[in-house]
Amino acid sequence: MLLSASCSKLTYSHADPGKFEGSLEIRWVKPDRFLYVPNQENPLRFTTSDRRVIVPRKMYTDGGSIPRLFWGIPGYSPWGYAPAYIIHDWLFEAHHCDVPEYRDISFDRSADILAEGIKTLMETDVAPKDETTLWTIYEAVKSPIAKSVWDMPESCSLPKETRELLQPRGELLFTISIENLPKR
């Protein structure tokens with residue numbers, strides 16, 4: 001337990017916060033399958049600590065890939081850190097689909113960016129500061145299981161630009177304007 005506490009403090013202190021901007025829009029497709037749709041006027045953006053701007057494109061998501069067993073534990077909802085999870089999901093999709101402007105982001109850097117995103121939400125008082133939660137999520141996204149998902153060949157699943165996806169059947173579930181997020 002003592003080791004866990006010291007590791008969580010180390011992870012938290014090494015994750016530099018970035019900056020979220022824009023709106024996050026999620027549409028329901030089917031149970032546990034959602035579509036992230038960039039807002040036309042003000043898309044979700046995350047500027048990392050090294051000033052890289054990440055702007056996700058339309059993609060399927062499940063929020064955070066948190067095992068259902070943990071959903072009831074504070075901090076482990078698949079939507080608790082939604083902006084950070086969407087950025088991380090996008091980095092996986094960009095890798096799988098070989099999106100040129102994201103080719104230089106490694107598996108390890110994708111985990112670091114998720115940690116930066118979660119810390120940003122914590123430091124801006126949108127989410128409770130919890131070093132242990134950040135550490136456990138960070139370790140999970142760096143795990144061999146996550147690495148095997150990163151390394152899956154031919155796993156690009158970006159939505160095709162069809163009429164159905166331009167006007168998805170699913171209802172708009174929520175829009176989060178990052179600039180107007182309430183403080184805890």
Side-chain angles (χ1 to χ4, degrees), residues 15-16 18-68 77-121 137-178:
D16 294 321
K19 181 180 180 184
F20 282 106
E21 298 173 280
S23 294
L24 178 131
E25 294 187 6
I26 300 294
R27 293 186 180 268
W28 184 86
V29 176
K30 63 182 184 178
D32 299 325
R33 181 91 157 153
F34 304 90
L35 183 66
Y36 164 72
V37 182
N39 180 287
Q40 295 286 341
E41 292 81 40
N42 194 16
L44 174 67
R45 300 173 302 289
F46 182 67
T47 304
T48 63
S49 62
D50 61 0
R51 298 198 171 129
R52 171 128 192 203
V53 179
I54 299 168
V55 183
R57 296 184 194 155
K58 188 182 297 183
M59 67 176 169
Y60 294 107
T61 183
D62 62 355
S65 301
I66 307 287
R68 190 176 299 270
S77 157
W79 296 103
Y81 303 107
Y85 291 150
I86 294 300
I87 296 297
H88 188 251
D89 281 0
W90 170 246
L91 295 175
F92 265 66
E93 275 306 303
H95 171 73
H96 290 148
C97 300
D98 196 30
V99 177
E101 59 267 36
Y102 296 97
R103 283 185 186 142
D104 62 323
I105 295 181
S106 68
F107 171 74
D108 288 334
R109 182 65 182 130
S110 76
D112 294 343
I113 291 170
L114 176 62
E116 288 181 18
I118 292 173
K119 184 172 181 178
T120 300
L121 296 170
I137 293 171
Y138 177 72
E139 289 299 320
V141 300
K142 284 183 44 179
S143 73
I145 293 169
K147 178 73 164 103
S148 71
V149 173
W150 179 267
D151 291 337
M152 288 175 69
E154 300 178 25
S155 56
C156 179
S157 64
L158 288 178
K160 292 179 178 39
E161 291 299 323
T162 65
R163 184 178 183 150
E164 180 180 328
L165 288 175
L166 290 173
Q167 297 188 2
R169 289 186 323 229
E171 293 296 318
L172 179 63
L173 290 182
F174 59 83
T175 298
I176 300 172
S177 176
I178 302 302

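Predicted model only: the values in this text are computed from it and were never measured.
- Aromatic pair Tyr102/Trp90: ring centres closer than 6.0 Å.
- Remark: of the listed residues Val99, Leu114, Ile113, Ile113 is the sole one forming a side-chain contact (heavy atoms from CB on, under 4.5 Å) with Leu91.
- Between the side chain of Arg27 and the backbone N or O of Glu25, no donor-acceptor pair lies under 3.5 Å.
- Here the side chain of His95 pairs a donor or acceptor atom with the backbone of Trp150 at under 3.5 angstrom.
- Salt-bridge formation is detected for the pair Arg109/Glu116: a Lys NZ or Arg NE/NH1/NH2 atom is positioned less than 4.0 Å from an Asp or Glu carboxylate oxygen.
- Ring pair Phe92/His88 is tilted by interplanar angle, where 30° to 60° counts as tilted.
- In terms of heavy-atom proximity, Cys97 sits nearest to Ser157 at SG-N, 4.0 Å.
- Separating the NZ atom in Lys30 from the OH atom in Tyr60 is a distance of 9.0 Å, to the nearest 0.5 Å.
- Looking at heavy atoms from C-beta onward, Leu44 lies in side-chain contact with Pro56 at the 4.5 angstrom threshold.
- To the nearest 0.5 Å, atoms CG (Asp112) and CG (Asp16) are separated by 10.0 Å.
- Less than 6.0 angstrom separates the ring centroid of Phe34 from the ring centroid of Trp79.
- Across all non-hydrogen atoms, the minimal contact from Ala111 to Val141 is CB-CG2, 3.7 Å.
- Atom CZ of Arg45 and atom CG of Asn39 lie 9.5 Å apart (nearest 0.5 Å).
- You'll find the side chain of Leu158 stays beyond 4.5 Å of the side chain of Lys58, heavy atoms only.
- Of the possible polar contacts, one joining the His96 side chain to the Val149 backbone as a donor-acceptor pair under 3.5 Å is found.
- In the displayed structure, Arg51 atom CZ is contacted under 6.0 Å by at most 12 heavy atoms of other residues, nucleotides or ligands.
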Problem set entry | Derivation and outcome, side chain to side chain contact (heavy atoms under 4.5 Å, CB included), residues Asp151 and Phe107 | CA-CA 9 Å; Asp151 291 337; Phe107 171 74; over 6 Å; no

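- When all heavy atoms of Thr120 and Gly18 are compared, the pair lying nearest together is OG1-N, 2.7 Å.
- The closest side-chain heavy-atom distance from Thr47 to Glu21 is below 4.5 Å.
- Closest non-hydrogen pair, Ala140 versus Ser143, comes out as O-OG, 2.9 Å.
- Side-chain contact between Tyr85 and Thr61 is absent, with no heavy atoms from C-beta onward closer than 4.5 Å.
- Distance check: Glu93 CD to Ser155 OG gives 7.0 Å after rounding to the nearest 0.5 Å.
- The closest side-chain heavy-atom distance from Ile26 to Ile86 is below 4.5 Å.
- With hydrogens and angles left out, the side-chain atoms of Ser106 and Asp108 include no donor and acceptor closer than 3.5 Å.
- Inter-residue side-chain proximity for Asp89 and Asp62 is flagged as met; some heavy-atom pair is nearer than 4.5 Å.
- The OG atom of Ser110 lies 10.5 Å from the NZ atom of Lys142; values are rounded to the nearest 0.5 Å.
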